[in-house]
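Everything on this sheet refers to the single structure shown next.
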Amino acid sequence: MAVSPEITRFAPSPTGLLHLGHARAALLAEAAARRGGGRFLLRIEDIDTRRCAAAHVAAIARDLGWLGVVWDGAVRVQSAHFDEYAAVLATLRARGLIYPCFCTRGDIAAAAAAPHAGPGGAGRDPYGAPLYPGTCRTRRDAAGLLAAAVAHAWRLDMARALAVAGPDLFYEELAMGRVACAPARFGDVVLGRKDCPASYHLCVTHDDARQGVTLVTRGEDLRAATDIHVVLQALMDWPRPRYAHHGLVTDARGKRLAKRDRAATLAGLRAAGVSAEAVRAMAMAGVGL
Ligand code: GLU
């Protein structure tokens, strides 16, 4: 059967050096595009400008080049597109689907820990973050605080969003077929951060749509977040790509690799004299295809 051409992407955040886990993600995305004669894109997810560095962007290009990963077309750099993310926030705001949140992390932790914390106030989301207790959802002085330009985030009103998006939210996972979403377990997620007018969820979903990505390949650590992305796709009427979440590369003790594991960085392996071919094999070892 002919394989249909897919548009895939590798979307690293330049907060450190690429490691074997990134190599796996890049190789799988590239292979998925090449199989059907599609396109493989590189996107730099650098909205967190304090943690991202130009030196890391340069290292990403160098490491991918050494590994033999070749992307198509221009690289999209998210920090050059804050205006597009702000426009999405403005649309959601005009539709009453997001609200300004002036809470600090401390406020949220304290509210979540309070003995009288109501439904949603005591739980944690699938990534272990305390669920937002909803403090600012009905704040009457929000307009005044906004006018006074008090730093704030923008949160999705999840209950309203789900009422608009409808109950039947799902995505197609390549190996598993239809996966039902349960985004309510994330509560009112942040779509615009206090420190920049964007967020991971907003940018990744916007950009996948904007770039025409048809198959999102990424680590299974991001599988739960896909539920939020499906809500945004429904709200914004963006096309929904298919997904292929892959297993993570782990160390000898079975722990997933982190950017601080210097030994597993591509630059570190290269410096130690390991060939690109061997690194490709290490990155792909144990991947069930
Ligand atoms: N930028 C994300 C990361 O480096 C990946 C985003 C994605 O693939 O959806 O973990």
Side-chain angles (χ1 to χ4, degrees), residues 6-33 39-53 55-57 59-61 63-64 67 69 71 75-82 85 126-129 171-174 179 181 183 186 189-191 193 196 198-233 238-250 256-261 264-266 283 287:
E6 302 281 5
I7 300 180
T8 67
R9 56 25 169 219
F10 173 52
S13 299
T15 54
L17 290 169
L18 295 187
H19 56 56
L20 283 174
H22 294 104
R24 176 179 288 185
L27 289 165
L28 285 172
E30 189 193 29
R39 281 168 64 75
F40 166 65
L41 311 175
L42 175 62
R43 185 165 77 224
I44 301 296
E45 303 212 325
D46 62 343
I47 56 164
D48 192 342
T49 45
R50 276 175 315 157
R51 288 179 60 227
C52 295
H56 290 138
V57 178
I60 288 170
D63 288 346
L64 291 180
L67 202 58
V69 170
W71 61 89
V75 178
R76 181 173 169 97
V77 179
Q78 287 189 329
S79 59
H81 299 282
F82 280 122
Y85 310 132
Y127 292 107
Y171 60 90
E172 291 291 329
E173 174 82 25
L174 214 53
V179 178
C181 298
F186 283 94
V189 285
V190 169
L191 292 188
R193 292 161 42 148
C196 75
S199 67
Y200 161 67
H201 298 306
L202 182 81
C203 300
V204 81
T205 317
H206 171 273
D207 286 5
D208 284 339
R210 176 96 163 71
Q211 296 187 282
V213 171
T214 57
L215 176 65
V216 171
T217 61
R218 60 184 175 196
E220 66 189 12
D221 53 328
L222 290 169
R223 181 191 296 281
T226 303
D227 291 11
I228 300 168
H229 305 170
V230 167
V231 175
L232 292 176
Q233 287 152 1
W238 288 330
R240 185 166 308 156
R242 289 179 305 144
Y243 290 84
H245 295 97
H246 56 79
L248 302 175
V249 178
T250 52
R256 65 176 283 204
L257 297 181
K259 283 189 174 151
R260 57 185 172 279
D261 296 326
T265 63
L266 304 190
V287 179

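Atoms within each ligand, like the ligands themselves, are counted from 1 in listed order.
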Here the atoms of ligand 1 under 4.0 Å from any heavy atom belonging to Arg9 are 7 (C), 8 (O), 9 (O)

Is it the side chain, the backbone, both or neither of Leu222 that has a heavy atom closer than 4.0 Å to ligand 1? side chain

Heteroatom proximity flag, Thr217 to ligand 1, N/O under 3.5 Å: no

Which residues pass the salt bridge (Lys or Arg N to Asp or Glu O under 4.0 Å) test with Arg39, not counting sequence neighbours? none

Result for salt bridge (charged side-chain N to carboxylate O under 4.0 Å, His left out) between Asp208 and one of Arg43, Arg240, Arg242 points to Arg43

Return the orientation label for the Phe186 and Tyr127 ring planes: parallel under 30°, perpendicular over 60°, tilted otherwise. tilted

Close-contact set for ligand 1 against Glu45 heavy atoms, below 4.0 Å: 1 (N), 2 (C), 5 (C), 6 (C)

Can you tell me how far CZ of Arg9 sits from CG of Leu215, rounded to the nearest 0.5 angstrom? 9.5 Å

Tyr200 to ligand 1, any heavy atom closer than 4.0 Å: yes

Would you please say whether a donor-acceptor pair under 3.5 Å links the side chains of Ser13 and Arg51? no

